[in-house]
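Data block below; observations after.
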Amino acid sequence: MDAAAKPLTRNILPDRDYATLADYERSGGYQGLRRAVSELSPQAVQQQVSDAGLRGRGGAGFATGLKWSFVPTGEDAPKIRFMIANADEMEPGTFKDRLLMEKDPHQLLEGLIIAGYAIQATQAYIFLRGEYHLAARRLNQALLEARAGGYLGRHILGSNFSLDIHLHAGAGRYICGEETALINALEGKRANPRAKPPFPQVSGLWGKPTVVNNVETLCNIPHILHYGSAWYQSLGRGADKGTKLFGASGRVRRPGVWELPMGTPVREILEDHAGGMIPGYALRGFLPGGASTDFLLPEHLDVVMDYDAVSKAGSRLGTGTMIVLDDKTCPVRMVLNLQQFFAGESCGWCTPCRDGLPWVVVLLQAIIGGQGRSEDLDTLTDLVRMMAPGNTFCALAPGAMEPLQSALKFFRADFEAYITGKTPPLEQADEYY
Amino acid sequence: MSIDAQTASMLNADDIRDIKAEMAHYPDKAAAAVEALKIVQRRQGWVSDAALTAVASLLDVSTAQLEAVATFYNLIYRQPVGETVIHYCSSVTCWMLGADDLRERLCRHLNARPGQISPDGRYTLLPIACLGACDQAPALMVGERLVTGVGAETAVTEILGEQS
Ligand SMILES: Cc1cc2nc3c(=O)[nH]c(=O)nc-3n(C[C@H](O)[C@H](O)[C@H](O)COP(=O)(O)O)c2cc1C
Ligand code: SF4
């Protein structure tokens with residue numbers, strides 16, 4: 001595969017519904033798995049993924065090989081281990097994992113099986129959000145094909161390694177994407193997050209060592225094994241390696257998702273791929289990586305989509321799918337919509353989040369409804385501080401604060417215009433979010 | 001009524017078979033909880049207290065534990081709903097591109113507010129978090145069918161797949 005390649009989406013063709021097992025095999029599918037189980041030790045697979053420089057695509061960018069290495073090995077280590085694909089994709093503005101699962105389900109299965117081999121898992125699960133019915137059908141079909149093809153089940157491809165995968169569909173709740181909440185959900189418990197440590201790699205599903213990886217992360221693995229870590233490294237344009245699905249939604253001419261090298265500048269994504277703004281609208285800002293990332297401004301268009309570069313600009317790469325704010329959408333109302341989502345999806349476990357997020361919603365509704373006072377902006381700032389990282393039990397609430405704090409900074413005049421009466425109040429800030 | 005008799009009265013043989021098949025996928029039966037609730041809901045439309053109790057005894061968990069699970073999820077209904085549930089995406093991109101208008105058009109057509117059953121018993125409209133179709137906003141789900149790119153020009157009857 002050449003360096004300009006798009007490994008993750010090579011099977012996603014405009015005139016093809018989805019890739020069958022035969023399509024997948026023709027494109028080199030399951031060669032990475034074959035190489036792993038027949039030529040490489042689990043440690044060697046981990047090493048190859050570490051060398052490739054793959055970082056988790058679930059939002060936090062944690063190094064994948066390093067994550068796997070925390071699973072205890074050796075004689076005394078627990079014999080039962082679990083490998084889980086996080087397919088809960090519910091971060092507003094994110095639409096990449098659905099595409100990967102619907103269009104090329106075997107790619108995820110192969111990645112999951114190789115990851116399972118690397119940590120010597122005894123069982124794997126795909127935790128799929130309940131709304132993804134088409135993805136569920138395609139994955140279940142692919143699981144049957146993979147078992148029949150000898151890629152899954154006992155003695156995979158004639159090796160000593162055996163693994164099965166079960167598709168576990170959820171019933172819709174954002175917090176289930178948080179990896180420890182996901183583990184509780186899978187166990188059939190209410191999906192509150194767990195305290196860390198112990199980390200799941202040591203004590204996860206049913207107390208056994210467990211690794212949770214994002215769908216897109218796993219989809220990279222087959223290619224790293226098949227084409228090697230040096231090839232994979234060559235795909236990145238900047239500090240980070242490989243390709244990534246980047247997307248844009250909102251009032252751009254061609255909303256969509258594209259596989260591009262890590263390190264692609266925002267400008268290229270929004271102008272070349274998304275085609276720029278719809279005529280009559282101008283770019284006011286954007287959330288670079290989903291609902292729980294800080295706003296960036298047009299002046300940030302030349303930032304490159306690398307984990308560290310986006311952090312330096314004041315936001316996060318997150319899921320890499322951007323939400324575009326145009327000049328005719330009110331940023332205050334946009335932030336209200338985001339906060340209504342987060343308040344509704346708070347699991348209610350810890351007080352700052354359970355009480356804080358609804359309070360944010362009430363304040364924003366008052367501001368938009370024309371009853372805001374200038375102190376309210378200070379209160380909002382206090383609430384941002386109250387829900388800062390470390391003050392809540394999980395990252396949901398701190399994530400919710402990212403678009404709020406950046407909006408208070410960049411769009412303060414819009415908040416103030418409601419408070420001073422310059423912007424006419426909205427009769428009723430929407431109760432249905 | 002004994003628990004077993006209650007189970008038998010709330011769940012039919014197919015439900016029990018399907019739930020047991022799900023339980024077999026896990027080392028702990030409780031992991032089948034959500035799937036079991038969905039199985040009941042598929043036939044009965046929603047999860048009543050009696051059905052919940054019956055499923056709990058099948059899974060060997062307390063009713064309280066299963067209730068804590070059932071009430072947690074957007075897709076498990078603890079009160080009756082119409083024959084088909086319509087979930088319209090209310091998250092950020094769909095909101096920006098007209099989800100509120102879509103909701104109001106649906107409400108007028110159904111003659112029901114979100115959460116209510118339409119007078120003909122056929123539909124309940126509910127908001128849902130981002131459906132992962134932001135590039136084709138606004139989006140909604142009619143039953144299990146994802147419908148995308150529904151602008152102001154798309155007729156509600158077309159969205160619902162009804163003859164106009
Ligand atoms: C509230 C919340 C929701 C999350 N939702 C998802 C999700 O839907 N999918 C996902 O892969 N990671 C999600 N994450 C991140 C996971 O906790 C975890 O970091 C990720 O699955 C790790 O995979 P990776 O190392 O491959 O990136 C979420 C985190 C939080 C705090
Ligand atoms: S921060 Fe929110 S979602 Fe996370 S544990 Fe606390 S209440 Fe639950």
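Side-chain atoms are counted along with the backbone in the values below, which use heavy atoms only and exclude waters and symmetry mates. All figures in this text were calculated on a predicted structure; none of them were measured in a lab. Per chain, numbering begins at 1; letters A, B, ... match sequence-line order.
The backbone N or O of A:G177 sits less than 3.5 Å from a side-chain atom of A:D88, completing a donor-acceptor pair. Side chain of A:R173 to main chain of B:Y73: no donor-acceptor pair is present (N/O by atom type, distance under 3.5 Å, no hydrogens or angles). At least one donor-acceptor pair under 3.5 Å links the side chain of A:E216 to the backbone N or O of A:L245.
No option in A:E89, A:R138, A:R137, A:E102 other than A:E89 meets the side-chain hydrogen bond (donor to acceptor under 3.5 Å, both in side chains) test with A:Y132.
A:E187 touches chain B through its backbone: at least one of N, CA, C or O sits under 4.5 Å from a heavy atom, while the side chain does not. For A:I175, the part lying under 4.5 angstrom from a heavy atom of chain B is the side chain only. Residue A:A169 touches chain B through both its backbone and its side chain, counting heavy-atom pairs closer than 4.5 Å. Contact annotation for A:A185: both backbone and side-chain heavy atoms come within less than 4.5 Å of a heavy atom of chain B. Of the atoms belonging to B:A137, not a single heavy atom falls under 4.5 Å from chain A. Within the 4.5 angstrom heavy-atom criterion, only side-chain atoms of A:D326, from C-beta onward, approach chain B. Looking at A:T94, the atoms closer than 4.5 Å to chain B (heavy atoms on both sides) all sit in the backbone: N, CA, C or O. Neither the backbone nor the side chain of A:V252 comes within contact range of chain B; no heavy atoms are under 4.5 Å apart. Looking at B:V92, both its backbone and its side chain come within 4.5 Å of chain A, counting heavy atoms on both sides. For a residue to count as touching a neighbouring chain, one of its non-hydrogen atoms must lie under 4.5 Å from one of that chain's; by this rule A:R254 does not touch chain B. If you measure heavy-atom distances from A:C176 to chain B, the contacts under 4.5 Å come from the side chain alone.
The residue among B:L126, B:L131, B:L59 with the most heavy atom pairs within less than 4.5 Å of chain A is B:L131. Looking only at heavy-atom pairs under 4.5 Å with chain A, the residue among B:Q136, B:K38, B:E22 that has the most is B:K38. Ranked by non-hydrogen atom pairs under 4.5 Å with chain B, the options A:A274, A:A191, A:G348 are led by A:A191. No other option in B:V69, B:I76, B:V61, B:T71 has as many heavy-atom pairs under 4.5 Å with chain A as B:V69.
Taking both residues in full, the closest heavy atoms of A:I323 and A:P92 are given as CD1-O, 3.5 Å, listed atom of the first, atom of the second, then distance. The shortest non-hydrogen separation linking B:Q41 to B:L75 is NE2-O, 2.9 Å.
Using a 4.5 Å heavy-atom cutoff, the side chains of B:L52 and B:L37 are in contact.
The pair A:D327-A:R251 does not count as a salt bridge, with every side-chain nitrogen at least 4.0 angstrom from each carboxylate oxygen. Using a 4.0 Å cut-off between a side-chain N of Lys or Arg and a carboxylate O of Asp or Glu, A:E259 and A:K96 do not qualify as a salt bridge.
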Working for side chain to side chain donor-acceptor pair (under 3.5 Å), residues A:E91 and A:Y174: CA-CA 7 Å; A:E91 171 88 1; A:Y174 174 57; 2.5 Å; yes

task: List the steps and the verdict of side chain to side chain donor-acceptor pair (under 3.5 Å) for B:T63 and B:Q65.
output: CA-CA 5 Å; B:T63 309; B:Q65 187 184 332; over 6 Å; no

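Checked against salt bridge (Lys or Arg N to Asp or Glu O under 4.0 Å), B:D18 has no partners two or more places apart in sequence or in another chain.
Residues from residues 139-149 of chain B that place a non-hydrogen atom less than 4.5 Å from a non-hydrogen atom of chain A comprise B:M141, B:E144, B:L146, given in numerical order.
You'll find the ring centres of A:H168 and B:Y26 inside the 6.0 Å limit.
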